[in-house]
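Along the sequence shown, residues are numbered consecutively beginning with 1.
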Amino acid sequence: MSSQVLLQQQDSALDSWIRLIRGYASVTRAMSAELVAEHGLTINDYEALLHLSRAEEGRIRRVDLAGLLLLTASGVTRLLDGLETAGLVERASCASDRRVTYAVLTEAGRTRLQQASVSHVDRLPGAADATHEDCTG
């Protein structure tokens, strides 16, 4: 295979990758803006509440939540600080290990998640269509 053909294949693959990344970013930005406008939650806030709602007793170690959200320890701290201020999450200590801190979903957090889920989930099919359009050019 000639080097020109290889370069064309690489360019095509890179173009596809760029379209995928742009499509994801576009949909994520739009869905986050809708969640903020309607429910006062970013898409990251929503995802954190969703993980907590699915966890046993509505609680996850903060370090584990950071991993689930693909955030650093300081990133999850900033995220949870906002959710704590809003009363949607609270901090809890571990009785057996003082180094461990949990993020715990509050009833207000569960209620806000349920309200946001109605509109958010309704938009998912449209978001998938928009991503497909962005990715296929």
Side-chain angles (χ1 to χ4, degrees):
M1 201 178 280
S2 75
S3 62
Q4 182 65 26
V5 171
L6 286 174
L7 287 175
Q8 288 172 343
Q9 287 176 340
Q10 287 175 344
D11 284 347
S12 177
L14 288 174
D15 288 343
S16 295
W17 176 250
I18 289 168
R19 283 194 306 275
L20 175 64
I21 295 299
R22 286 185 178 164
Y24 171 79
S26 174
V27 168
T28 301
R29 201 170 25 254
M31 293 191 81
S32 189
E34 290 168 351
L35 279 167
V36 168
E38 294 177 13
H39 304 284
L41 297 172
T42 67
I43 203 159
N44 288 340
D45 294 337
Y46 179 86
E47 186 179 357
L49 295 176
L50 185 62
H51 282 298
L52 288 168
S53 75
R54 292 178 170 181
E56 187 176 330
E57 298 181 24
R59 62 193 281 146
I60 299 175
R61 290 185 332 155
R62 292 168 72 97
V63 66
D64 294 334
L65 185 58
L68 291 169
L69 297 171
L70 305 176
L71 294 174
T72 62
S74 62
V76 82
T77 295
R78 283 190 302 276
L79 178 82
L80 290 173
D81 282 350
L83 293 173
E84 287 171 17
T85 299
L88 305 177
V89 171
E90 59 189 18
R91 186 181 306 232
S93 299
C94 177
S96 62
D97 188 344
R98 292 184 346 156
R99 296 170 297 174
V100 175
T101 308
Y102 290 96
V104 182
L105 186 64
T106 64
E107 278 308 310
R110 190 172 303 282
T111 299
R112 179 83 60 88
L113 175 63
Q114 289 168 342
Q115 293 167 345
S117 291
V118 172
S119 58
H120 186 64
V121 171
D122 285 347
R123 288 191 179 95
L124 291 178
D129 292 343
T131 303
H132 178 72
E133 290 171 18
D134 287 342
C135 291
T136 58

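Side-chain contact between Leu41 and Glu47 is absent, with no heavy atoms from C-beta onward closer than 4.5 Å. Two residues are said to be in side-chain contact when any heavy atoms from C-beta on lie closer than 4.5 Å; Leu113 and Leu52 fail this criterion. A heavy-atom distance below 4.5 Å is not found between the side chains of Arg29 and Ser32. Contact check for Leu65 versus Leu80: side-chain heavy atoms found under the 4.5 Å cut-off.
Here the closest heavy-atom approach between residue Gly58 and residue Arg110 is recorded as CA-NH2, 4.4 Å. Annotation for Gly40 and Arg112: closest pair O-NH1, 4.2 Å, computed over non-hydrogen atoms. The minimum heavy-atom distance linking Ala116 with Leu35 is given by the pair CB-CD2, 4.0 Å. Among all heavy-atom pairs drawn from Gly87 and Ala108, the shortest one is O-CB, 3.6 Å. Across all their heavy atoms, Asn44 and Leu69 have their closest contact at O-CD2, 4.5 Å. Residue Arg62 comes nearest to Thr77 through the heavy atom pair NH2-CA, 3.9 Å, listed as atom of the first residue, atom of the second, then distance.
Side-chain heavy atoms closer than 4.5 Å link hydrophobic residues (I, L, V, M, F, W, Y) into clusters, and following such links, even through other members, never connects Ile60 to Val104. Placement of Leu79 and Tyr102 in two distinct hydrophobic clusters is found when ILVMFWY residues are connected by side-chain heavy-atom separations under 4.5 Å, directly or transitively. Under the 4.5 Å side-chain contact rule for hydrophobic residues, Leu88 and Leu68 share a cluster.
Side-chain N or O atoms of Asp45 include one that pairs as donor or acceptor with a backbone N or O of Thr42 at under 3.5 Å. Panel note: side chain Ser53, backbone Leu50; a donor-acceptor pair is recorded below 3.5 Å. Not one N or O on the side chain of Arg98 forms a donor-acceptor pair closer than 3.5 Å with the backbone of Ser93.
Going from atom CG of Asp11 over to atom OG of Ser16 covers 11.0 Å, rounded to the nearest 0.5 Å. To the nearest 0.5 angstrom, Gln114 atom CD is 12.0 Å from His39 atom NE2. Annotation: the span from Asp81 atom CG to Arg91 atom CZ amounts to 6.0 Å, rounded to 0.5 Å. Taking NE2 of His51 as the reference point, atom OH of Tyr46 lies at 11.0 Å (rounded to 0.5 Å). Taking CZ of Arg54 as the reference point, atom CG of Leu105 lies at 12.5 Å (rounded to 0.5 Å).
Only one option out of Val27, Thr28, Val36 pairs with Ile43 in a side chain to side chain contact (heavy atoms under 4.5 Å, CB included); it is Thr28.
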